[in-house]
There are 2 protein chains.
Amino acid sequence: MTTTEDHAPSARAVTIQDVARLAGVSTATVSRALALPDRVTEATREAVLSAIRETGYTPNAAARSLRAKSTRMVLVLLPGIGNSFFTPVLNALEEVFSDQGYGVLVGYTRQSRRRETHYARVIRAGQVDGVLVVTGNVPRDEEFVAVPDQVPISLMFAGIPGGDRFSVFDVDNRAAAATMVGHMIAAGHRRIAHITGPEGSIETNERFGGYCDALTAAGLAVEESLVWRGAGNFDFVSGDRAAARYFALDDRPTAVFAAADEIALGFIRSLKTGGVSVPRDVSVGGFDDTEYAVHYDPALTTMRQPRTEMGRLAAEDLLLRMSGKGGVKPPTHVRLPCELVLRESIRRL
Amino acid sequence: MTTTEDHAPSARAVTIQDVARLAGVSTATVSRALALPDRVTEATREAVLSAIRETGYTPNAAARSLRAKSTRMVLVLLPGIGNSFFTPVLNALEEVFSDQGYGVLVGYTRQSRRRETHYARVIRAGQVDGVLVVTGNVPRDEEFVAVPDQVPISLMFAGIPGGDRFSVFDVDNRAAAATMVGHMIAAGHRRIAHITGPEGSIETNERFGGYCDALTAAGLAVEESLVWRGAGNFDFVSGDRAAARYFALDDRPTAVFAAADEIALGFIRSLKTGGVSVPRDVSVGGFDDTEYAVHYDPALTTMRQPRTEMGRLAAEDLLLRMSGKGGVKPPTHVRLPCELVLRESIRRL
DNA sequence: ATGAAAGCGCTAACAT
DNA sequence: ATGTTAGCGCTTTCAT
């Protein structure tokens, strides 16, 4: 192999200077021809454009950012537990933002303070014009305290109670959970267990609250032995662990509400391995309606969260708040409806 | 709500000037105290650090990039068909890069020329120091032609034949596919079908090649009626469509090799709906070993691609190539081994 | 309509 | 060891 790389150092990148020289105008005119085409004569615009084509000029992003005090980039903060819930969200975000010429920087916080500090610094360094937090928790880091004053921030899927500094895009987790459990009750179930999400997350608390609400409304007691807590994250493993608790029980529930689809899927799979069949022996409901829910056997009955729509709306709101056009847009709270998707994993008793 | 947002315009961000003034030194010294701590006395370093703490100073990224001609950002180009294959890859990439102080910009090309052009421009604008293409195809856009000379580029999961301008991180798709089909043959299967990936992708061709190799090596003919092409992407829908072809056949295969796990899962699911059981009536093998393969019923026998490891290695290589330390590191080709993961979806005949 | 020139915040020669 | 200064590439007044 004879190739020797010759990046950066090699051919000096073409600058606005080169274009100006070639077109026989000043750099200011080149800049104008690009940004405000109707403020230059057609002749000069043509000359500039042709010089640009000839040189292959692309404006330097750093110089532009430095001058314009805007990077046209947003930071999307994800938990990074690598579950597939976020795939369509990120997809929708990237679509809207890139269409508007914004870049999407992704950051995985992984529940690590160090990483949160890292990304707080990214924001404070002026590297992004806005932030989308898709983690369920606003980073606790003190460095984050000052951050909302610097750039607009939005929270997705779980809002901070009382925070009017952020736009919030979420669902009514509590009501949605109550609907699911209410559906189980309507199907004749009386002993209903709940596999919670990770300890301390807002969604976990809300969905547990909804579970209690539905039980209470039906005159049913919340039994501690049927609330399977601290199983882990919103993932398969949590479902596996919950299955162990199911098997350990003498008086088993006839239905189980899992706080997320992946938990439900892991649970069902472990039950099968133990010879228990869903929904024949026990009914299972999930939450989210991720891609795999419908393809599973049994197809999972679950609460659909409108992830793509949420992503789109959140992106559009942030775009508006970043642009500052038409006065500064105040943060909003948008609550989208969930939908109970009936499939095969819950049966009538 | 009384909150009115006051971003950017409000409090002017603190600059190196402010720190210098407060510490009673020059800006150069502040810069040094940060970048080369041992080139200043301990006393001044202390003074600077304390001034930084007091002011909450964070160096401006755009200014630094402009001056240093390095953005400490990489672009990760994904196909964006939103399948879960890429989740662990992106996870690994973000982990390595952010640990080294690099930001990860994600771009979904979505097989759209417009988007490829868009991201070519991002590169040419000097917005990133390196690029990772995780799409299986190098963007065809002519704007991309000049790009490899500007920043190092790496290809993941599928290399371009004959391209020594890129680092390539892949697996031997052909051999891996042959191993899978060889396993089916060893299990007694003689009529083996293949569901291909999307038309024109390198992986699709390679895996089909391996399928043929294995058949040929066993003295079996490749029957056109058993090669199910153009089903779509590496997704469930392709599996659904393939199921229709299975049902339409008089002389059905006893085993089916799907070019990806999601295809296999969609296929199995559709078979079930049609009353055909896996592996009782037909065996199915997948490719990738995504998270869902093991949790499915039946658990999917598949070829594991080392996605996380691949991400880590590719990131480390790119880091080295970007740094330019120790001479410019030439592009490499790293080929990682796949692993046949035996589970429940293929049975001995 | 166009040009000249200042300056965004930082780093790195060069000078002391 | 520290300060002075030029300048990265661009946009945007302010003149003309």
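All figures in this text were calculated on a predicted structure; none of them were measured in a lab. Letters A, B, ... are given to chains in the order of the sequence lines, protein chains preceding strands, and every chain is numbered from 1.
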Residue pair Arg321(B) / Pro330(B): nearest heavy atoms and the distance that separates them: CD-O, 4.0 Å
Proximity to the side chain of Arg67(A) - top-ranked nucleotide from dT2(D), dT11(D), dA4(C): dT11(D)
Candidates dT11(D), dG9(D), dT2(C) - which lies nearest the side chain of Ala63(A): dG9(D)
Side-chain N or O of Ser26(A) closer than 4.0 Å to phosphate OP1/OP2 of dT2(C): no
Minimum-distance pair of heavy atoms, taken over all atoms of Val151(B) and Asp129(B): CB-O, 3.5 Å
Sugar-phosphate only, base, or nothing, as touched by Ser65(A) at under 4.0 Å among non-hydrogen atoms: nothing
Geometric cation-pi criterion Arg115(B) and Tyr108(B), 6.0 Å radius, 45° cone: no
Residue whose nearest DNA chain D nucleotide is more 5′ - Thr29(A) or Ala62(A): Ala62(A)
Sugar-phosphate, base or nothing in reach of Ser31(A), heavy atoms under 4.0 Å: base
Side-chain N or O of Arg64(B) closer than 4.0 Å to phosphate OP1/OP2 of dT11(C): yes
N/O (side chain, Thr44(B)) to phosphate O (OP1/OP2, dT2(D)) under 4.0 Å: yes
Residue closer to the 5' end of DNA chain C, Leu66(B) versus Thr41(A) (nearest nucleotide): Thr41(A)
Below 4.0 Å: OP1/OP2 of dG9(C) and any side-chain N or O of Lys69(A): yes
Check ion pair Glu116(B)-Arg121(B) (N to O, under 4.0 angstrom): no
Sugar-phosphate only, base, or nothing, as touched by Ala68(A) at under 4.0 Å among non-hydrogen atoms: nothing
